[in-house]
Amino acid sequence: MSKLNPALSLTKEQQPKVLTAVTEFLKGKSEILNLAKTNKTQYSSKLGELTNGLLAKLKTVLTAAQYTKLLGLKPSTNNATNVLSQLFY
């Protein structure tokens with residue numbers, strides 16, 4: 001949230017909704033991490049479902065401009081030091 005809040009200029013009403021959506025996504029992602037080592041195809045499929053679910057939730061919370069800005073925050077590569085990578089990779 002430390003990156004999303006200022007980057008998207010979230011309102012006080014949006015902040016808890018975005019936090020909940022991101023937290024649920026990260027929890028779901030943590031539950032499938034073992035698949036990344038054992039079954040990459042299944043991992044990719046489940047990660048895609050989680051990501052689509054997150055983006056769908058955020059689309060209902062954010063304005064169109066904020067949502068476009070969110071998509072523009074996607075790092076070009078998966079970088080462990082960039083916290084936003086966790087939302088997109």
Side-chain angles (χ1 to χ4, degrees):
M1 289 298 297
S2 63
K3 297 259 186 188
L4 290 179
N5 194 4
L8 301 177
S9 301
L10 297 175
T11 66
K12 289 184 189 246
E13 182 180 284
Q14 290 172 317
Q15 289 174 19
K17 294 175 182 176
V18 171
L19 178 62
T20 298
V22 169
T23 300
E24 288 174 1
F25 169 79
L26 293 175
K27 182 180 177 202
K29 186 176 176 185
S30 72
E31 292 172 358
I32 64 166
L33 275 178
N34 283 338
L35 289 175
K37 298 173 189 168
T38 60
N39 189 333
K40 289 187 186 264
T41 303
Q42 192 175 13
Y43 174 76
S44 293
S45 175
K46 288 186 182 278
L47 181 60
E49 291 172 15
L50 287 169
T51 302
N52 289 339
L54 171 65
L55 293 177
K57 286 178 187 174
L58 292 178
K59 198 169 196 174
T60 66
V61 173
L62 302 175
T63 65
Q66 287 172 314
Y67 186 77
T68 300
K69 195 177 245 186
L70 170 70
L71 297 179
L73 293 174
K74 181 178 180 179
S76 56
T77 59
N78 186 4
N79 181 341
T81 61
N82 186 341
V83 69
L84 293 177
S85 289
Q86 297 302 312
L87 296 180
F88 293 102
Y89 297 98

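- Other residues, nucleotides and ligands place no more than 12 heavy atoms under 6.0 Å from the CG atom of Asn34.
- A salt bridge links Lys57 with Glu24: at least one charged nitrogen is closer than 4.0 Å to a carboxylate oxygen.
- Once rounded to the nearest 0.5 Å, the distance linking OG1 of Thr68 with CG of Leu70 reads 9.0 Å.
- Here CD of Glu31 is found 8.5 Å from CG of Leu50. Values are rounded to the nearest 0.5 Å.
- Of the candidates Leu55, Thr11, Val18, Leu4, Val18 is the only one forming a side-chain contact (heavy atoms from CB on, under 4.5 Å) with Leu62.
- The CG atom of Leu87 sits 8.5 Å away from atom OG1 of Thr51, with the distance rounded to the nearest 0.5 Å.
- To the nearest 0.5 Å, the span separating NZ on Lys46 from OG1 on Thr41 amounts to 12.5 Å.
- In this structure, Tyr43 and Leu33 approach most closely via the heavy-atom pair OH-CD2, 4.0 Å.
- Under the 3.5 Å distance criterion, the side-chain polar atoms of Thr20 are left unmatched by any main-chain donor or acceptor of Lys17.
- Between the side chain of Gln86 and the backbone N or O of Val83 there is no donor-acceptor pair closer than 3.5 Å.
- When all heavy atoms of Val61 and Gln14 are compared, the closest pair comes out as O-NE2, 3.1 Å.
- Minimum interatomic distance between Pro75 and Phe88 (heavy atoms only, all atoms of both residues): CD-CD1, 3.8 Å.
- Looking at heavy atoms from C-beta onward, Lys74 lies out of side-chain contact with Leu84 at the 4.5 angstrom threshold.
- Between the side chains of Thr81 and Asn79, at least one donor-acceptor pair of N or O atoms lies under 3.5 Å.
- Between Gln15 and Leu10 the shortest heavy-atom distance is NE2-O, 3.5 Å.
- The NZ atom of Lys59 lies 13.0 Å from the CG atom of Leu54; values are rounded to the nearest 0.5 Å.
- Between the side chains of Ser45 and Gln42, no donor-acceptor pair is found at a separation under 3.5 Å.
- Considering all non-hydrogen atoms of both residues, Leu73 and Ala7 come closest at CD1-CB, 3.9 Å.
- Lys40 places no side-chain N or O within donor-acceptor distance of the main-chain N or O of Leu35, the cut-off being under 3.5 Å.
- Annotation for Leu47 and Phe25: closest pair CD1-CZ, 4.2 Å, computed over non-hydrogen atoms.
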